[in-house]
Every structure is written in C-alpha cells, then in structure tokens.
Undergrad: 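Pasting a structure here, questions to come.
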Amino acid sequence: MKEAIGMVETRSLVGAIQAADAMTKAANVKILDFHFVGSGLVAVVVTGDVAAVKAAVESGKEEAAKVAEVVSTNVIPRPHDEVDKIF
C-alpha cells in the first residue's frame with residue numbers, strides 16, 4: 001500500500017457516517033472500510049495521499065464530535081505492505 005491510512009472511531013453509527021461524509025468532502029480520499037467494533041463503536045477508515053488524509057481525518061473528527069463522542073483518530077503516513085492484508 002503506497003497511500004496513507006486515516007481512521008476516525010466514534011461511539012455511534014451516525015457519528016461515523018457524519019465523519020465519513022465530512023472526510024470525503026474535505027479532501028481527495030476513498031473510504032476503505034467501516035469497522036463495527038461492538039458496544040456502539042464504529043471506525044471509518046480512509047486512504048489517500050498523506051496531506052489529504054490528515055486534512056480529512058481532522059475534518060471528520062470535528063464533524064463527528066458535533067453528533068457523537070469521538071473515541072480516537074489516527075493517521076498512518078506510510079503503512080507497511082503487510083497492512084494491505086487487513087483491508
């Protein structure tokens with residue numbers, strides 16, 4: 001995988017959808033996956049170039065916080081090729 005990965009984890013599906021919408025509108029990123037962790041935790045994973053992913057995660061975090069609790073965010077600028085197996 002040559003692109004960065006960004007994640008926003010919320011305590012509600014509505015918050016995750018809000019984050020995903022904001023992330024795709026804020027920068028040129030693609031949604032890789034929604035992870036339904038359990039107990040209401042939902043993580044949205046996006047990919048794109050590093051600057052776009054950083055901007056998207058920040059925007060997604062701000063928008064999701066308006067409607068739900070944001071549990072965590074993370075950006076992995078250069079993930080190892082083995083990470084591809086997860087997605």
Side-chain angles (χ1 to χ4, degrees):
M1 180 175 287
K2 303 298 181 202
E3 296 184 315
I5 296 175
M7 295 157 268
V8 175
E9 184 178 39
T10 67
R11 193 169 299 278
S12 122
L13 177 60
V14 173
I17 293 170
Q18 184 78 15
D21 180 59
M23 288 193 286
T24 55
K25 288 179 180 175
N28 186 22
V29 294
K30 294 180 191 175
I31 297 174
L32 276 182
D33 200 7
F34 273 83
H35 286 285
F36 297 92
V37 180
S39 299
L41 294 176
V42 183
V44 182
V45 183
V46 297
T47 186
D49 65 57
V50 177
V53 170
K54 285 182 179 180
V57 167
E58 187 61 33
S59 177
K61 180 174 91 172
E62 290 173 7
E63 287 298 314
K66 293 178 182 177
V67 295
E69 176 188 355
V70 175
V71 177
S72 65
T73 62
N74 193 19
V75 174
I76 303 173
R78 293 183 329 144
H80 191 275
D81 290 336
E82 292 293 314
V83 177
D84 276 341
K85 294 177 183 176
I86 297 172
F87 302 102

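For clarity, every value in this text was computed on a predicted model and none was experimentally measured. We use all heavy atoms of the structure for the numbers below, so side chains are in, but hydrogens, waters and symmetry mates are not.
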Undergrad: What pairs meet the side chain to side chain donor-acceptor pair (under 3.5 Å) rule with one or both residues in residues 49-59, with sequence neighbours excluded?
TA: none

Undergrad: In a check of side chain to side chain contact (heavy atoms under 4.5 Å, CB included) between Val29 and each of Val53, Ile5, Thr47, which one passes?
TA: Val53

Undergrad: Between atom CD of Glu69 and atom CG of Leu41, what is the distance when rounded to the nearest 0.5 Å?
TA: 8.0 Å

Undergrad: Take Glu63 and Asp21, measure what side-chain contact (heavy atoms from CB on, under 4.5 Å) needs, and give me the verdict at the end.
TA: CA-CA 9 Å; Glu63 287 298 314; Asp21 180 59; over 6 Å; no

Undergrad: At their closest point, which heavy atom of Ala52 faces which heavy atom of Ala27, and how far apart are they?
TA: O-CB, 3.3 Å

Undergrad: If you take all heavy atoms of Lys85 and Glu82, which pair is closest and at what distance?
TA: NZ-OE1, 2.7 Å

Undergrad: What is the distance from atom CE of Met7 to atom NE2 of His35, rounded to the nearest 0.5 Å?
TA: 8.5 Å

Undergrad: Between Asp81 and Lys2, is the side-chain contact (heavy atoms from CB on, under 4.5 Å) condition met? List the steps.
TA: CA-CA 8 Å; Asp81 290 336; Lys2 303 298 181 202; 4.3 Å; yes

Undergrad: Heavy-atom count check: over 12 atoms from other residues, nucleotides or ligands less than 6.0 Å from Asn28 CG?
TA: no

Undergrad: Which pair of heavy atoms, one from Gly6 and one from Val57, lies closest together, and at what distance?
TA: CA-CG2, 3.7 Å

Undergrad: Determine whether Phe34 and Val8 fall in the same hydrophobic cluster, where Ile, Leu, Val, Met, Phe, Trp and Tyr are linked whenever their side-chain heavy atoms lie under 4.5 Å apart.
TA: yes

Undergrad: Applying side chain to side chain contact (heavy atoms under 4.5 Å, CB included) between Met23 and each of Ile31, Val45, Val44, report the one that passes.
TA: Val44

Undergrad: Determine whether Ile17 and Phe36 fall in the same hydrophobic cluster, where Ile, Leu, Val, Met, Phe, Trp and Tyr are linked whenever their side-chain heavy atoms lie under 4.5 Å apart.
TA: yes

Undergrad: Return yes if some donor-acceptor pair links the side-chain N/O of Thr10 with the main-chain N/O of Ser12 below 3.5 Å, else return no.
TA: yes

Undergrad: Ile76, Val83: one ILVMFWY side-chain cluster at the under-4.5 Å cut-off?
TA: yes

Undergrad: Give a yes or no on whether Leu13 and Val67 share a hydrophobic cluster (residues Ile, Leu, Val, Met, Phe, Trp, Tyr; joining criterion: side-chain heavy atoms under 4.5 Å apart).
TA: no

